[in-house]
Amino acid sequence: MTKIATPRPIRGTQDMLGETADRFHHVVDMFDRVRRLYGFRRVEIPVFESTAVFARSLGETTDVVSKEMYSFDDRGGESLTLRPEFTAGLARAYLTEGWQQHAPLKAAVHGPVFRYERPQKGRFRQFHQVDAEIIGAAEPAADVELLSFADQLLRELEIADDVTLQLNTLGDAATRDAWRAALVAHFEAHRGELSEDSLVRLAKNPMRILDSKDPRDRPIADAAPGIDDSMSAEAGAFFEAVTRGLEASGVAWTRNARLVRGLDYYRHTAFEFVTDRLGAQGTVLAGGRYDGLIETLGGPHTPAVGWAAGIERLGMLIDAPATETGSVAIIPDGATDAEAQTVVAALRRAGIAATLAFAGKPKRRMEIATKAGAEYALYLRGTDAAEPLNLVHMAKDRAKADAMLPTIRAALPGTYA
Ligand code: ATP
Ligand code: MG
């Protein structure tokens, strides 16, 4: 007989159980709570799009488009791509779904994204992002609102002290062109010391060298001219309005005059929230203003600003989330299955979390109840017994347990009350 081989999980994908999954969902829950406070609307968009959506809006020379996309031809011969990020798909939906009528559209979305990268701690091929965008707003106040949202999310997750907001501006078109020329001059002077990848970048997209993770490039990138000498008066005024707004909102930031973002469409504000607690994968949340993007998809000039954060990276930083609701473990100890099922259903309908320990001897069931972290163990002797039930307090959080007691008593079926 041939042994059947079990299929392996795909490299760079994750299966989550227990605390890892709890951390993941705590991040999503907090994101949803904060986005309501800021008036962002939930949207959903497809996991795949025409390859052109990403190729055109992200730019052919970006790492994402040139090396990281999961693209394939479907059975109809159309080239599709699993989304490597949310912004391009949102911009496509904004144009094709008539969402312009809602401008400025404050949109919040989360879900899986896909990039063919070298898997390591905090870097996956299927990972997940929470994402917030304001589409159709040119004012620096939109940048401030969006950054405040990010800052508050990190506060609610209780990691604000571990994460620093690094802020820069990429200026307007004139500023960007002038800075680009200054960077080219600098990198040309150090040609011989650059990595092969950066020599390609120098020809195609020199600003990307600033973003390089190759140790050979770092000293040259760190010594490169910052943007300030190239800044136009208008771009400078915009940046100042953003920083003033952040100060008024109580959002701490530091300047990083060499920060660029990996994608072509950024203008003006660019930022990253970074931590030193995740090694090389230190950027947890990043974004900026992308006033040119919608035009690359054939739409009208539409200023916009947004960010995305890796849910896994945030999940690795937070403390293990506490279980919020108390619970009762039902241990049949003489009662029939049906009697126990009646009781557990009644408790759950009353809003009390309840588990039914249905396997093994009462002692084994008690172990299961303890492991489940229940506030009470409810031994069910059965309706015919002299003492039909025994409610045993499991002494964890006495006050929490006492507070549950009236609800438990009220929820128990008549024969037990
Ligand atoms: P990095 O420099 O780490 O590659 P990036 O600049 O490519 O990040 P963005 O495109 O800005 O990342 O995506 C926003 C966020 O998504 C990142 O700050 C990070 O938290 C998360 N992220 C990006 N790539 C991955 C990945 N491969 N695995 C897990 N999280 C990721
Ligand atoms: Mg990347």
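As the structure lists them, so they are numbered: ligands from 1, and atoms in each ligand from 1. Each residue takes its place number in the sequence, starting with 1. Computation of the quantities below employed the complete heavy-atom set of this structure, encompassing side-chain atoms and omitting hydrogens, waters and symmetry-equivalent molecules.
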Select the closest option to [atom] among [options], judged by heavy-atom distance.
atom	options	result
atom 24 (N) of ligand 1	Tyr116, Trp307, Phe86, Phe127	Phe127
atom 5 (P) of ligand 1	Glu68, Arg115, Glu272	Arg115
atom 27 (N) of ligand 1	Glu85, Glu117, Lys213	Glu117
atom 15 (C) of ligand 1	Lys121, Gln129, Gln14	Gln129

(request) Look at Arg277 together with Asp162 and state whether they make a salt bridge at an N to O cut-off of under 4.0 Å. (result) yes

(message) Between Glu49 and Arg92 (salt bridge meaning N to carboxylate O under 4.0 Å), is one present in this structure?
(response) yes

(message) Please report the interatomic distance NE2(His268) to CG(Leu170), rounded to the nearest 0.5 Å.
(response) 9.5 Å

(request) Hey, could you give me the CD/CD distance between Glu139 and Glu145, rounded to the nearest 0.5 Å? (result) 11.0 Å

(request) For ligand 1, note which part of Asp211 has a heavy atom under 4.0 Å away: side chain, backbone, both or neither. (result) neither

(message) Once you restrict to heavy atoms under 4.0 Å, what part of Arg123 touches ligand 1? Side chain, backbone, both or neither.
(response) both

Pull out every atom of ligand 1 sitting under 4.0 Å from any heavy atom of [X], numbered as shown with elements.
X	value
Gly122	28 (N), 29 (C), 30 (N)
Ala308	14 (C), 15 (C)
Leu285	18 (O)
Arg261	6 (O), 9 (P), 11 (O)

Heteroatom distance test ([X], ligand 1): nitrogen or oxygen, under 3.5 angstrom:
X	answer
Ala286	no
Val284	yes
Glu312	no

(request) Classify the ring geometry between Phe31 and Phe149 as parallel (under 30°), tilted (30 to 60°) or perpendicular (over 60°). (result) parallel

(message) Students often mix this up, so state it plainly: with edges at 30° and 60°, are the rings of His186 and His190 parallel, tilted or perpendicular?
(response) tilted

(request) Step through it carefully: locate the ring centre of Phe24, locate the ring centre of His128, and say whether they are under 6.0 Å apart. (result) yes

(request) Evaluate the side-chain proximity of Arg216 to Leu194: yes if any heavy-atom separation is below 4.5 Å, no if none is. (result) no

(request) Measure from NZ or CZ of Arg83 to the centre of the six-membered ring of Phe54 and say whether it is under 6.0 Å with the direction within 45° of the ring axis. (result) no

